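Some notes on the structure that comes next.
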Amino acid sequence: MRNGPAVNMKTDFKFSNLLGTVYCRGNLLFSPDGTHLYSPVGNRVTVFNLVDNKSWTLPFSHRKNIARIGLTPQGNLLLSVDEDGQAIFTSVPRRVVLYHFSFKSTVTALSFSPSGRHFAVGLGRKIEVWHVPSTPDSNAEGDLEFAPFVRHHTHAQHFDDVRHIEWSSDSRFFLSASKDLTARIWSLNPEGGFTPTVLSGHRQGVVGAWFSKDQETIYTVSKDGAVLDWQYTGRPDREDEMQDDDDMRWRIVKKHYFMQNSATLRCAAFHPESNLLVAGFSNGLFGLYEMPDFNMIHTLSISQNEIDFVTINKSGEWLAFGASKLGQLLVWEWQSESYILKQQGHPDAMNALEYAPDGQRIVTTADDGKIKVWDVESGFCIVTFTEHTSGVTACEFAKKGSVLFTASLDGSVRAWDLIRYRNFRTFTAPERLSFSCLAVDPSGEVVAAGSVDSFDIHIWSVQTGQLLDRLTGHEGPVSSLAFAPNGGLLVSGSWDRTARIWSIFDRTQTSEPLQLQSDILDIAFRPDSLQIAVSTLDGQLSFWTVSEAEQVAGLDGRRDVSGGRKITDRRTAANVSGTKAFSTIRYSTDGSCLLAGGNSKYICLYSVTTMVLLKKFTVSVNLSLSGTQEFLNSKLLTEAGPEGLLDDQGEASDLEARIDRSLPGSKRGDPSARKRMAEVRVNGVAFSPNGTAFCAASTEGLLIYSLDSTVQFDPFDLNMEITPASTLAVLQQEKDYLKALVMAFRLNEAGLIQRVFQAIPYTDIGLVVEQFPTVYVARLLRYVAAQTEQSPHVEFCLLWIKALVDKHGGWLTANRSKVDVELRIVARAVTKMKDEIRRLADENVYMVDYLLGQAREKPGETQALLEWSAQKDGEVKALPSSETQGLRFDDIMQDAAAESEEEWIGLE
């Protein structure tokens, strides 16, 4: 082990993003400008930028799945509440948690007032109105408050859960819709002549209630598809008579109905400015209607299951839908009838994942038989393959080219072209097998697969698709395969407690089988092909040399990976056996570390040389998953089993969820159906090719941990006191060059940017660039490149380019796709400058020789000649004093090129 790679790898990986899941449950929100969509994903919130086609996950996490989220009208503060009523108040631009708070009950509805001063929450049948907490940016002291949440008042007149809350445009009134078949009108503060009003007339629970734009009409929608129009009028039978104030009240003036046969209405949204009403149904259809005449614009089927939530952006152009059963998230532009966003995660557990050789894409496979390719930069799924007819168990890239191989339980191994996005080769065995593991030769010419049904290893030729060989020798199912990175050798692990090293092209074993103490779960090759790591069922990690086939080290990982007691476990977390082994292991890119995960909530990072646990990552703290708690509460264990698995909703209220619509003719479903809690586990891990990130396929989705997880935050985003005068004051009086340059870029005035840029001394360029915010690096790079082409300050601009590459080289490399245009502009500017200097030197080579000769013979006259040249050039005087010495020779050379040789000889 002393000859192994040194431990020089950074281990401070932090959670960076969550892929693989786009929507779980709860409500969707558009940002005030309508360009961003907020989606609750388990116990986290993911933000989708619909204009730039990017997504990111906010860094905080709840202890339970998120039930409701709310956004202030300014879009800078987010309130998220989980199933237990625990709330987190977050600053969206900074992505920083400001406050934690508990509503002490399940939140069923949440809405901010248009003024941004209050928000209303539905807590079961109660409604509470709260003041919006002040933030450090809004209060005078700039500090957090000790008790920021202040209750305004409480209403408790409803008799069942409140489903929806909607404010009026002036923030004086709000509507509440409840399952008690009524909607109610409330006022924020006591209003003269107003009393809280009950709107009753529906026959099933009310899903939503909204004001019209002029607030003269109220629309309510119920679960049975009834749409009622309410207006403040007198008695209809006395329209011709004068009616007093006692006869004036909110009355039903129109009734409309959605005709959807047996389907029920699940969600609805209304846009007052355009009078659009959109409704989602339990059969996956949505309808778009124009009010008040209830004219149908169009209907569309967007899902095979019920639509759980719908919302409309501020302009009324985009509709967002969420379907929790299949994890679908869609944004539909109704005018052009096209999708703006169409994403779906894996509804079933992910089995394997793999980074593409360029590190820009991640491939995931799951039990649903689908293969999804995720773009790391944008966070979106760019393609989905559905050719497999059963669960996909393994995937691996060929080392050269964009070719992906997958193995499935349907008995096939398929090769995919990720340039044309097609399946170009399918490999099968003579008999029906379910393949569980896969390995690809580095050359991409041979693919091998192992099965739990057969004890043989099948080898195919990628070129011809023919079965080349079947390697026999194992006495149990083959659980893992791995090719050596330098090619030629194949290592197989089996449940017969042996690992075998095969020479594929010789069709022989290179040594005796490696004998282990337990069943083998996974095998990994070190990148230098000199060592293999083996994980076994007893929680041991053993390390073997390939050349001598000898074990050189080992460690016991049972205590490290063990953690978390599942809700059905009879034993404590320390004594349960199912979580004490690593089911997936991978070497780091440099081979100095080993990453391991299993059927628990931990991912372990080990040093290969010292056999020390470097860091342990907790995959999830979500208590909605089974296995995240170390100790279970004994009072939650009842005679009928764990309380968390019992259905406490009642058969009548949850009858639709029991109906199994996949079976034709089923009406009732299974009355004894139980809720099922997903178990936390890690089914796959992989390091990125550059070693700066790793990903893990967990129950909650595809987790990405990165070394560079800092947020690109503009420090002046929340400061309104930025003017040209204040920028010049910072530049000239405070001499804070970094702050002045950032302020100039914030104002985006060309003259001001140039003045600040040229005033920075060349000695301070490195310090300014080192602390320069990364959000402005691309703009600074583009500006410096333009100055290099236009400005006479050649050396000054080259110093800026050198400092940018030196100080921000890592960021530029990692974000090559973002700054590709800027880098091309810089390369063009530097190349152009090099060509001009070369041409200038070629044209004046004899003049330079003459001047150097004169300097040796007549130094006094040469000095006078140089002084004359300096005085003649006005641009040298205009240069800053700190730059003059570095640029004087360039300007003299320009003069030399401009003057004719005869004039210089005559002067001499």
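Not measured: the values here are computed from a predicted model.
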**Q.** Nearest-0.5 Å distance that lies between atom OG in Ser31 and atom CZ in Phe48
**A.** 13.5 Å
(Q) What's the separation between atom CG in Leu341 and atom CG in Leu330, rounded to the nearest 0.5 Å? (A) 7.0 Å
Q: Check for a donor-acceptor pair, side chain of Lys372 on one end and backbone N or O of Gln344 on the other, with a separation under 3.5 Å.
A: yes
Q.
Please enumerate all residues that pass side-chain contact (heavy atoms from CB on, under 4.5 Å) together with Ser626, with sequence neighbours excluded.
A. Lys566, Ile567, Met677, Glu679
Q) Tell me, do Val22 and Ser39 make a side-chain contact under 4.5 Å, heavy atoms counted? A) no
Q. Short question: side chain of Ser408, backbone of His388 - any donor-acceptor pair under 3.5 Å?
A. no
**Q.** The single option from His158, His155, Gln157, His164 passing side-chain hydrogen bond (donor to acceptor under 3.5 Å, both in side chains) against Ser176
**A.** His158
Q: Check for a donor-acceptor pair, side chain of Thr311 on one end and backbone N or O of Leu29 on the other, with a separation under 3.5 Å.
A: no
Q. Ignoring hydrogens and geometry, is there a side-chain-to-backbone donor-acceptor pair from Ser61 to Asn43 under 3.5 Å?
A. no
Q: Calculate, to the nearest 0.5 Å, the distance between atoms CZ and CG belonging to Phe103 and Leu123 respectively.
A: 7.0 Å
Q. Can you find a heavy atom in the side chain of Trp318 that is under 4.5 Å from one in the side chain of Leu37?
A. no
Q. OG1 of Thr108 to CG of Asp161: how many Å apart, nearest 0.5 Å?
A. 5.5 Å
**Q.** Atom of Ala183, atom of Ala209 and distance for their closest heavy-atom approach
**A.** CB-CB, 4.3 Å
Q) Which of these passes side-chain contact (heavy atoms from CB on, under 4.5 Å) with Leu58: Leu18, Val41, Ile88, Leu78? A) Leu78
Q) Heavy atoms, side chains only, cut-off 4.5 Å: are Lys342 and Phe380 in contact? A) no
Q. Under 3.5 Å, side chain of Ser412 to main-chain N/O of Thr426, donor-acceptor pair present?
A. no
Q | Ring centre gap for Tyr339 and Trp332 strictly below 6.0 Å | A | yes
**Q.** Donor-acceptor pair, side chain of Gln335 and main chain of Glu317, under 3.5 angstrom
**A.** no
Q.
Tell me whether Asp33 is salt-bridged to Lys314, with the criterion being a basic N under 4.0 Å from an acidic carboxylate O.
A. no
(Q) Within a 6.0 Å radius of atom CZ on Arg117, are there more than 12 heavy atoms belonging to other residues, nucleotides or ligands? (A) no
Q: Indicate whether the side chain of Ser178 and that of Asp180 have a donor and an acceptor atom separated by less than 3.5 Å.
A: yes
Q. Where is the tightest heavy-atom contact between Asp229 and Met291, given as atom of each residue plus distance?
A. OD1-CE, 3.8 Å
Q. Donor-acceptor pair, Arg163 side chain versus Gly208 backbone, under 3.5 Å?
A. no
Q.
Under 4.0 Å between a side-chain nitrogen and a carboxylate oxygen: does that hold for Asp84 and Lys64?
A. yes
Q: Give me the one residue out of Phe270, Trp210, Tyr289 that meets ring pair (Phe, Tyr, Trp, His ring centres under 6.0 Å) with Tyr219.
A: Phe270
Q) Short question: side chain of Thr90, backbone of Val92 - any donor-acceptor pair under 3.5 Å? A) no
Q) Should we say atom CD of Gln74 is surrounded by more than 12 heavy atoms from elsewhere, each under 6.0 Å from it? A) yes
Q.
Can you list everything that forms a side-chain hydrogen bond (donor to acceptor under 3.5 Å, both in side chains) with Asn17? Sequence neighbours excluded, please.
A. Thr57
Q | Gly201 to Ile252 - nearest heavy-atom pair and separation | A | CA-CD1, 4.5 Å
Q: Taking all heavy atoms of Thr364 and all of His346, pick out the closest pair and write down the distance.
A: OG1-NE2, 2.8 Å
Q. If you take all heavy atoms of Thr106 and Glu83, which pair is closest and at what distance?
A. OG1-O, 3.2 Å
Q.
For the residue pair Ser324 / Asp308, report whether a side-chain donor-acceptor contact shorter than 3.5 Å exists.
A. yes
Q: Calculate, to the nearest 0.5 Å, the distance between atoms CG and CG belonging to Leu199 and Leu228 respectively.
A: 9.5 Å
Q) Would you say Asn622's side chain and Ser624's backbone share a donor-acceptor pair under 3.5 angstrom? A) yes
Q) So do Asn49 and Trp56 actually touch side chain to side chain, heavy atoms under 4.5 Å? A) yes
**Q.** Side-chain (Ser55) to main-chain (Ser378) donor-acceptor, under 3.5 angstrom
**A.** yes
Q | Side-chain donor-acceptor contact under 3.5 Å, Asp214 with Ser212 | A | yes
Q. Is there a side-chain contact between Glu700 and Val680, using heavy atoms and a 4.5 Å cut-off?
A. no
Q: Would you sort out whether Phe321 and Tyr23 count as a ring-ring contact (aromatic ring centres under 6.0 Å, His included), showing the intermediate values?
A: CA-CA 10 Å; Phe321 302 93; Tyr23 174 76; over 10 Å; no
Q. Of Phe174, Phe211, Phe173, which meets ring pair (Phe, Tyr, Trp, His ring centres under 6.0 Å) against Trp167?
A. Phe174
Q: List the steps, then state whether side-chain hydrogen bond (donor to acceptor under 3.5 Å, both in side chains) holds for Lys370 with Thr386.
A: CA-CA 5 Å; Lys370 294 181 180 179; Thr386 58; over 6 Å; no
Q: To the nearest 0.5 Å, tell me how far Leu409 CG sits from Thr393 OG1.
A: 5.5 Å
Q.
So for atom CZ, which belongs to Phe159, do other residues, nucleotides or ligands contribute more than 12 heavy atoms lying within a distance under 6.0 Å?
A. no
Q. What are the two closest heavy atoms between Arg361 and Ser402, and how far apart are they?
A. NH2-OG, 3.7 Å
